[in-house]
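Here is how names work: the chains are called A, B, and so on, in the same order as the sequence lines, proteins then strands, and each is numbered from 1.
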Amino acid sequence: MRVSQFFISTLKEAPAEAELVSHRLMLRAGLIRKLGSGLYTWMPLGLRVLRKVEAIVREEMNAAGAVEVLMPAVQPAELWQESGRWQVFGPQMLKIKDRHDRDFCFGPTHEEVITDIARREIRSYRQLPVNFYQIQTKFRDEIRPRFGVMRAREFLMKDAYSFHTTFEDLQREYRNMVDAYTRIFTRLGLGFRAVAADTGAIGGTGSHEFHVLAESGEDAIAYSTGSEYAANVELAEAVAPSAGRGAPTQSMQKIATPGAHTIEEVSALLKVPAERIVKTLMVVANDGTELLLLLRGDHMLNEVKAGKLAALASGFRFASEGEIRARLGTGAGSMGPVGANLTIVADRALLAVSDFVCGANADGFHLAGVNFGRDLPEPAEYADIRNAVAGDPSPDGKGKLDILRGIEVGHVFQLRAKYSTAMGATYLDEQGQSQPMEMGCYGIGVSRIVAAAIEQNHDERGIIFPDAMAPFRVALVAIGYRKSEAVKQAADALLAALTAAGIETLLDDRDERPGVMFADMELTGIPHRVTIGDRGLKNGELEYQHRRDAKSQPIPAAEAASWLTARLG
RNA sequence: CGGGGUGUAGCGCAGUCCGGUUAGCGCGCCUGCUUUGGGAGCAGGAUGUCGGAGGUUCGAAUCCUCUCACCCCGACCA
C-alpha cells in the first residue's frame with residue numbers, strides 16, 4: 001500500500017478532550033475519530049488494527065472448537081422480560097421503539113438471544129455440547145463514557161455462549177476457553193494476567209477476568225508474590241488476622257476533636273495511627289434495613305463484599321447525612337458504634353484491634369481507649385468487607401498480596417442454568433428426561449484491546465504496535481521519492497517484493513520532508529521501518545530500524561526483501 | 001445522578017470580567033518560488049451561523065434567560 005493511495009490523517013496536537021495516553025495517541029495517529037460521547041469512527045488505519053485483533057480472536061475461537069454466528073444488534077423487549085433483565089439491566093440499556101410502538105433494545109449483550117436460539121434448535125443431548133460465538137457491535141449506555149474506545153458506549157465485542165448437559169462438561173469447556181484466551185492474548189503480544197473475579201450482574205458461579213497490565217487500568221488486581229493466586233480486589237479475600245486481640249489497657253474517654261472529620265484529620269490531631277481508629281459507615285439496604293459497618297481506619301470498604309451480607313442482599317446505598325443524624329444524633333464525621341442502636345457488622349481486621357478511637361456520636365467528639373466487649377457489645381457479625389491491600393497474607397496461605405492495575409479485556413463465566421431455566425432452554429437426556437442446559441459465557445472486548453495495547457506499548461513519539469496487531473508491519477520511508485529515480489525504483493521494488501511475500505507494507509511516497517514522514521510512521525506505531533534514500537543507495541544500502549531501536553542499521557539494498565522476510569518470519 | 005468546567009476556523013488557543021466598527025494568534029490547508037536525511041523558508045491566499053434559541057441595547061463572541069453538546073471530578077467525609 002502507498003500512502004498516496006491510502007488515507008492517513010495525523011494530528012500534531014490532540015483534541016483537548018483526550019486525557020488517557022492511548023486515547024490521545026489514537027486520535028493523533030488518526031486511528032479513530034469521535035462522533036459523539038462514547039461513539040467513534042474507526043478510520044482506515046485504526047480499522048486495520050481492529051481487524052487484526054478480530055482475526056486472531058476468530059482464529060483461536062475456531063481452533064478451540066467454537067462456531068461463529070451473528071445475532072441481531074437490535075433485540076425485542078419480550079426476550080428480556082422473559083429473563084427478568086428488562087428492568088434489572090436498567091438505564092445502561094438503550095431502549096428503542098419501532099413504528100408500531102413496540103419495545104426493543106440495542107443489545108448490550110446476547111445471553112437472551114442465544115438462549116432463545118438454543119431452546120429452539122437444541123432438543124437432544126446428542127446436539128451438545130456446543131459453543132456459539134460472534135464478533136459484534138454492542139451498545140451500553142455507560143454512566144460516564146471515557147478514555148476513547150476504552151470505555152465507549154458502542155464497542156466491538158466477541159461473545160461466546162456454550163451449552164452442556166453437565167456441570168463437569170461446562171467446567172471442561174470453561175478451561176478450554178481460558179486456554180484459548182491465553183493463546184489469544186499471547187499471540188497479540190500483550191502482557192496480561194488471568195484473575196479470579198466477581199460474577200457481577202451476569203450471575204453464575206465461577207468467573208475469571210483477563211487483564212492487560214497497565215498503570216492506567218481501571219481495575220485493581222491482587223496477586224500473591226508467593227504463588228499463582230490472583231484475583232480482582234473486588235473478590236480477593238482479606239484474610240482474618242492470625243494474631244488475637246490484646247487486652248484493654250486504656251479506659252474509654254471522650255475527647256474533643258473540633259474540625260476533625262476524616263480519619264486522617266483525627267489521626268493527625270490525636271497522634272493515633274489510622275490502624276487504631278475505627279471507621280464507621282452507615283448503610284441502608286433497599287429493603288429499608290439500616291446497618292453500621294466498621295472498618296479499620298486505614299482500610300476501604302469493598303462494596304461488592306458488603307453487598308453479599310445477608311442484611312444487604314436486597315442491595316444498599318450509603319445513608320444520607322439526614323438519616324445519620326436522625327439515627328445517631330450526629331454528623332457523619334463523628335459517628336461511632338458505641339451506644340448506637342443499630343446492628344453492627346465489623347470487618348474481621350477488628351478482631352485484632354483494641355484500645356481504639358472512634359466517633360462519639362456527638363459532633364466534634366471522638367472516643368479513645370474503646371474496647372469491644374467492655375465499652376460496647378461485640379458486633380453482630382465479623383465479616384470480610386474490606387479491600388485487600390498490599391502486604392496482606394495471600395488467601396491461599398502462600399506469600400503476601402501485592403496490587404497491580406489492569407484493563408479488563410476478557411471475562412469468562414460459568415452461568416450454569418440461570419438463563420436456560422428462566423427461558424426454558426431444555427434438552428432430552430438419555431433417559432428421555434427434560435433437563436435445563438448448563439451454560440457458560442465468554443467475552444472479549446475487541447475494540448478495548450486496541451486501546452489497552454497502546455497503553456502498554458507506546459513512547460514519547462507515539463504508538464509501538466506489537467507485530468500481530470500493527471496496521472502495517474513495515475513502513476518504507478522513501479526520501480525524495482518524487483525526485484530521485486533510484487529511490488523510486490528501490491522503493492517500488494521493495495514494496496512489491498514484500499507485498500508478494502505477504503508482509504503488509506506501507507510505502508510513504510508522499511512529497512514530504514523526511515522529518516514529517518518519520519514522525520508519522522512513528523506516531524502510527526508501525527513496528528518495522530526501512531529508509532530508502534540516495535545517501536544510502538550510493539553505497540548500495542538501505543536502513544532498517546525497529547520502532548523500539550534507538551538507531552538504524554544498514555542493510556544491503558539488493559537483499560533487503562529477503563533480509564526482512566527472514567527477520568519478520 | 002450530584003458537583004465543576006468548556007463550547008470562537010480542521011486542531012490547539014486568546015478575546016468574554018469592563019458591549020463598540022474589518023474577531024485574532026500558532027499549527028494545519030491552498031498557490032508560487034526556494035529547500036529536501038528528523039515536523040522547512042519566503043511571499044501570497046482561503047476558511048468562522050463566536051454551540052443553538054430568545055431577550056436587553058443604537059450596537060452582543062462579550063450582558064440576561066432558556067437550551068443543547070462535550071469534558072473532568074465524585075458517588076468511601078464517616
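- Among the atoms of the strands shown, base atoms are found under 4.0 Å from some heavy atom of G533(A).
- Among the heavy atoms of the strands lying under 4.0 Å from D520(A) is at least one base atom, whether or not backbone atoms are also near.
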Within the sub-3.5 Å range, which N or O atoms of nucleotides 40-43 of chain B have a protein N or O partner, and how far apart are they?
residue: rA40(B); atom: OP2; partner: R513(A); partner atom: NE; Å: 3.1
residue: rA40(B); atom: O4'; partner: R513(A); partner atom: NE; Å: 3.4
residue: rA40(B); atom: N9; partner: R513(A); partner atom: NH1; Å: 3.4

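- Judged by distance alone, with hydrogens and angles left aside, R28(A) brings no side-chain donor or acceptor close enough to the base of rG28(B) to form a pair under 3.5 Å.
- Looking at heavy-atom distances under 4.0 Å, K34(A) makes contact with sugar-phosphate atoms alone, never a base.
- Contacts with RNA chain B (heavy atom under 4.0 Å) in residues 536-561 of chain A: G536(A), E543(A), listed by number.
- Partners of F372(A) according to the ring-ring contact (aromatic ring centres under 6.0 Å, His included) rule, which considers only residues two or more places apart in sequence or in another chain, are F356(A).
- Summarising the base pairing, rG74(B) is matched to rC1(B) through a Watson-Crick or G-U wobble pair whose two defining distances lie under 3.5 Å.
- Taking the ring-ring contact (aromatic ring centres under 6.0 Å, His included) definition, one finds that F472(A) meets it with F6(A), sequence neighbours left out.
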Sequence-aligned protein contact record of nucleotides 9-15 of chain B, with B where the base is within under 4.0 Å of a protein heavy atom and S where only the sugar-phosphate is: --BSS--
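- Contact check, S37(A) against rC71(B): a side-chain N or O comes under 4.0 Å of OP1 or OP2.
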Contact letters for nucleotides 73-78 of chain B, in which S counts primed atoms plus P, OP1 and OP2 and B counts the base, heavy atoms under 4.0 Å: B-BBBB
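- If you check every strand for non-hydrogen atoms under 4.0 Å, R529(A) touches a base.
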